[in-house]
Asks: 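Supplied in structure tokens, the structure appears directly below.
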Amino acid sequence: MSESPRYLPQALEAHWQQRWRDTDLHATGVTPADGGSFYALSMFPYPSGNLHMGHVRNYVITDVIARVQRMRGQGVLHPMGWDAFGLPAENAAIERGIDPGFWTDQNIASMRAQLQRLGLSIDWDREITTCHSDYYHWTQWLFLQFLDAGLAYQKDASVNWDPVDNTVLANEQVDSAGRSWRSGALVEKRQLRQWFLNITAYADQLLDDLAKLDGWPERVRTMQANWIGRSTGAELQFPLVDGEGQPSGTHIRIFTTRPDTIYGATYLVLAPENPLVPRLTSLAQQAPVQDFCNQVSRQSEQERTAEAIPKRGVALGSSVRNPASGELMPIWIADYVLADYGTGAVMGVPAHDQRDFVFASQYELPLRRVIVPPTSDRDAAGEGAWTGSGVLVNSGRFSGLSSEAATAAILTAAQQEGWGEPRTSYRLRDWLISRQRYWGCPIPVIHCDECGTMPVPQSQLPVLLPEGANLAGKGGSPLAQIEAWWTVDCPQCGKQARRETDTMDTFMCSSWYFLRYSDPHNTELPFKRELVDHWLPVDQYVGGIEHAILHLLYARFFTKVLRDRGLLGFDEPFKRLLTQGMVQALTYKNPQSGKYVSPDDIADPADPRDPLSGVPLVTFYEKMSKSKYNGVDPSRVIERYGADTARMFILFKAPPEKDLEWDDADVEGQYRFLNRIWRLVDAACQRGLQIEIKPIEIDSRSLSDAEVELRRAVHTAIAAISEDLCGDYQFNTAIAELMKLSNAMHTHQESASGPVACEAFASLIILLAPFAPHLAEELWLRMGANQSGENSVHLQTWPRVDPTALAKETIPLVIQVKGKVRGSLQVPVDADLASLEELALRSEIAEKWLEGKAPSRVIVVPGRLVNLVP
RNA sequence: GGGGGCAUGGCGGAACUGGUAGACGCAGCGGACUUAAAAUCCGCAGGCCGCAAGGCUGUGGGGGUUCAAGUCCCCCUGCCCCCACCA
């Protein structure tokens, strides 16, 4: 060995990636008899065609976790797939006249190559693609499970209609400005017959089981809880009266969380869309009510949720009787009452609800205070409505009770007298899964005039998407235009029937893909129960916070339903969840025009100016995006520095859950670090050092001081890195520890040899392996540890800490005087409290700062400090 | 309006159950090597005062608990995220 080869990541990485493929190194581990299994999962990507930095961050994090678990002896499942149905493919087909399947497959091929270039330890034999029939066959099969369980149903619904994409949108696909999240078009309302999944039937479980998910970020759990939005209260009945005040035999149901305020209810309000409205409108009020309803229905989402929300309404000209106080109350409709929450009707309690207060003030409806706030809150309750609890007044026999006691008492009375009962309401709505689109999973149902809605028999699955659909982007659902496709025989009576032409929301496909990875080639079932129960729940799920609500909620819902169907034996799919932060980049913007400027057009980065106008630009970090010209292409970074540098940088720059600011200089820094390790190992090779594969025997009594120090550095690093990778993932500090170790090895490289040096190099390379797998493999080979070619560094066991290597004879003892650090002493590690106090009091530091006086108090914290208080 | 989170050098970020704040890196500065530059190696580095020894000060602001607070409690300010007329 004479010439020192340079670190050339491109050639080296290509070589090892090929080698790993050839040796099947990343095949899913068979769980060892004595070890456990570990399922490391990244949220699968939509195959847009381009890998971006957010993907890189996601997959590298999961990869490191998977690699560490393998080295710890776990059988590891680390798969990848494609969330491949969806609008972009259909839009590409519309724009370019190409087949969406072809477009998607091409994108998958190019993204797969990019992913493989990152050196991820993915088992590609388990790859799944949701738009392939061997996958969506089972999406359809699972839909039929929902149908069979009575959890899938059709109903006419007012839906969000996107006039550009010609499709129905879920509420969550409409932004706060009332525009489609994809097309940006203003969303209209339409009535259509739609398929729904009854997720609200599982609302309680989905909410209550959040408590079990202690491996999830707190904020994701709160977001889900808020989304489900359970509130407990009562449904109360207000009897309708005729013109003479006599009961007319019917009643109006309202939902309230505050039955204790019922004596303060002075009017009743319905949503304008409430179907009772026409019947309750008096002759005289018909015109104004009609006008008002028209006005509201024309109102866009935007207007209804505008900053200062006006509350407008109109009286219907009819009345109900307050079932508690017996008073007559007028019935109104108002735009602040939501048709699809509770019963679409509320009791107006101006004194104790802020919205009712505003509304009643405007229309001069009577206000009656029935809750007296606690003395301490009297001042706060001065203006507006008092919405807290208190003591009841003006409330008949309930006066004098606390809000809490009154709620219970009033509910009991309501139940006994037949005018109400306890009730729970949810913000969560049933899940609308129908899409009038081509590029989705067909809903496997047949509509027969005789037999009704029939499931497609399992033997006829999958219902394949027809080829040659007209994807002009006009005229509604493409499938509905292919008569030859939708004309079928009824599976029951055999008469001509019509196939369902809606396809499923793509969230359906992604709600169970993590189950399929456990048994991806099964042609009989979506998955075998033993396999799914073996690998799942997912031990570590990694993905973006943008899926905190919908995807994760739907996946949990699927899991619970499938458990109830006996298809699997667990009820939460993801044990631990890591939501990684965004990747941001330096962004240039012209503050006058508001336009973004590409860094390529900037002459002097020290003084960035608009190339056209010369206006000084503002700079800030923002999420990478094409429209902001701040994207950094992963491929270019890999071409230049190699995948290992890219991996190291992205892990080191920020903790995984925080946003990460891309910085080329820091990428260089990581490249330098890998080069330093390369040279360190090279120098050792030049000295003839080789790693022995057999266990290293070290007699600690015969070591030099330098060797003792080196061993301490090695085992400190092992301890710290192991800790950083054991669940509370801190890849940034783990890499910092690797740097410290390499610095220490550099310092001691002349003075350590033999087993101690061997141990150090073996540990360094193994600890590096999950982060920079290619470099570690190469160094492992160069140090002679893989002569057979079958002893890959990635098959090594994670190193163990030797506590004796960490032991010290003396440690620094901090001396504080009155809580301020004044110096430190080296003291024997096993010194007792009395001698530590003694040492501190006799020290020069004590002499200097106590000026001869005896301290009034001495606090001794063994192993840390002595605090002398004068 | 409701809920959740964050605030530490020029920058990204460290800091165990309260116990030497600023690990590690980036940028910077000084030195070595070089004709020179790059690379590499050695060193310096929160701020203020001081030639130095050293001292004072310092984790968004204000109060508190404690021998001791970045860490715990209360109030305030600023920023980010989610939900939002949910009765």
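Values reported hereafter were calculated over all heavy atoms of this structure, with side chains retained and with hydrogens, waters and symmetry mates removed. Small disclaimer: the values here were computed from a predicted structure and weren't measured. Chain identifiers are assigned alphabetically (A, B, ...) following the order of the sequence lines, protein sequences preceding nucleic acid strands; residue numbering begins at 1 within each chain.
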Asks: Check step by step if ring pair (Phe, Tyr, Trp, His ring centres under 6.0 Å) holds for A:Tyr621 and A:Trp662.
Replies: CA-CA 9 Å; A:Tyr621 280 91; A:Trp662 187 271; over 10 Å; no
Asks: Using purine N1 to pyrimidine N3 plus N6-O4 or O6-N4 for Watson-Crick, or N1-O2 and O6-N3 for G-U wobble, both under 3.5 Å, which nucleotide pairs with B:rG19?
Replies: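 Here B:rG19 is engaged in a pair, and the nucleotide opposite it is B:rC67.
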Asks: Take atom P in B:rC51 and the same atom in B:rC67, then report the distance between them in whole Å.
Replies: 40 Å
Asks: Between B:rC83 atom P and A:Arg429 atom CZ, what is the distance in whole Å?
Replies: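 Whole-Å distance recorded here is 14 Å.
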Asks: For residues 729-750 of chain A, which residue pairs pass the salt bridge (charged side-chain N to carboxylate O under 4.0 Å, His left out) check, not counting sequence neighbours?
Replies: A:Glu737-A:Lys740
Asks: Report which part of the nucleic acid A:Arg822 touches: base, sugar-phosphate, or nothing (heavy-atom distance under 4.0 Å, all strands).
Replies: sugar-phosphate
Asks: Between P on B:rG3 and CE on A:Met223, what's the gap in Å once rounded to a whole number?
Replies: 16 Å
Asks: CD of A:Glu657 versus C1' of B:rC81: gap in Å, rounded?
Replies: 14 Å
Asks: Salt bridge check, A:Lys653 against A:Glu661: does any charged N sit closer than 4.0 Å to a carboxylate O?
Replies: no
Asks: Work out how far the C1' atom of B:rC16 is from that of B:rG31, and round it to whole angstrom.
Replies: 38 Å
Asks: What is the separation between atom CZ on A:Arg427 and atom P on B:rG1, rounded to the nearest whole Å?
Replies: 19 Å
Asks: Output the single nucleotide from B:rA15, B:rG12, B:rC82 whose closest atom is nearest the side chain of A:Gln730.
Replies: B:rA15
Asks: Angle between ring planes, A:Tyr336 versus A:Phe359, binned at 30° and 60°: parallel, tilted or perpendicular?
Replies: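 A:Tyr336 vs A:Phe359 ring planes: tilted.
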Asks: Any heavy-atom pair between the side chains of A:Leu365 and A:Phe357 that's under 4.5 Å?
Replies: no
Asks: Using the C1' atom in both, what is the distance from B:rG10 to B:rC29, to the nearest Å?
Replies: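 The answer is 13 Å between these two C1' atoms.
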Asks: Kindly point out which of B:rC81, B:rG2, B:rA87 is positioned nearest to the side chain of A:Arg219?
Replies: B:rC81
Asks: So, OP1 or OP2 of B:rA87: does either fall under 4.0 Å of a side-chain N or O from A:Tyr336?
Replies: no
Asks: Does B:rC82 have OP1 or OP2 sitting under 4.0 Å from an N or O in the side chain of A:Thr222?
Replies: no
Asks: Please give the distance between the P atoms of B:rG63 and B:rC24 as a whole number of Å.
Replies: 35 Å
Asks: Between B:rA39 and B:rC33, how far is it from one C1' atom to the other, in whole Å?
Replies: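 These two C1' atoms come out 11 Å apart once rounded.
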Asks: Between C1' on B:rA87 and CD1 on A:Ile333, what's the gap in Å once rounded to a whole number?
Replies: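 About 17 Å, once rounded to whole Å.
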Asks: On a whole-Å scale, what distance lies between the P atoms belonging to B:rC74 and B:rA87?
Replies: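 After rounding to an integer number of Å, I get 27 Å for this pair.
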Asks: Distance check needed: B:rC80 P versus A:Gln584 CD, whole Å only.
Replies: 12 Å
Asks: Does this structure show an ion pair linking A:Lys311 with A:Asp335, if we count only N-O contacts that are shorter than 4.0 Å?
Replies: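 No, this pair does not count.
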Asks: Would you indicate which nucleotide in B:rA87, B:rC85, B:rC83 comes nearest to any side-chain atom of A:Thr256?
Replies: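 Nearest nucleotide to the side chain: B:rA87.
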Asks: Does the structure show a Watson-Crick or G-U wobble partner for B:rG78, both distances under 3.5 Å? Name it, or say none.
Replies: B:rC6
Asks: With RNA chain B as reference, determine whether A:Asp659 or A:His746 sits nearer its 5' end, using the nearest nucleotide of each.
Replies: A:Asp659
Asks: Under a 3.5 Å limit for both distances, which nucleotide forms a Watson-Crick or G-U wobble pair with B:rC29, could you say?
Replies: B:rG43
Asks: Walk along nucleotides 17-30 of chain B from 5' to 3' and tag each nucleotide B, S or - by protein heavy-atom contact under 4.0 Å, base first, then sugar-phosphate.
Replies: --BBS-BBSSS---
Asks: What's the OH-C1' distance between A:Tyr621 and B:rG10, to the nearest Å?
Replies: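 Atom-to-atom, A:Tyr621 to B:rG10, this comes out as 13 Å.
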Asks: Parallel, tilted or perpendicular, judged at 30° and 60°: which one describes the rings of A:Phe731 and A:Tyr729?
Replies: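 Parallel.
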Asks: Work out how far the P atom of B:rA23 is from that of B:rG12, and round it to whole angstrom.
Replies: 15 Å
Asks: How are the rings of A:Phe507 and A:Tyr554 set relative to one another: parallel (under 30°), tilted (30 to 60°) or perpendicular (over 60°)?
Replies: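 A:Phe507 vs A:Tyr554 ring planes: perpendicular.
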Asks: How far does the P atom of B:rA69 sit from the matching atom of B:rU59, given to the nearest Å?
Replies: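 After rounding to an integer number of Å, I get 11 Å for this pair.
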Asks: Using the test side-chain contact (heavy atoms from CB on, under 4.5 Å), find all partners of A:Val56 that sit at least two apart in sequence or belong to another chain.
Replies: A:Leu51, A:Met53, A:Val60, A:Leu118, A:Pro634, A:Ile650
Asks: When you match A:Lys658 and A:Glu218 each to their closest nucleotide on RNA chain B, which lands nearer the 5' end?
Replies: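 With A:Lys658 and A:Glu218 compared, the 5'-side residue is A:Glu218.
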Asks: Which nucleotide wins on minimum distance to the side chain of A:Asp353, given the candidates B:rA87, B:rG12, B:rC85?
Replies: B:rA87
Asks: Nearest-Å distance, CD (A:Gln749) to P (B:rC41)?
Replies: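 It works out to 10 Å between those atoms.
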Asks: Using the glycosidic torsion, which applies to B:rG9: syn (within 90° of 0) or anti (everything else)?
Replies: syn
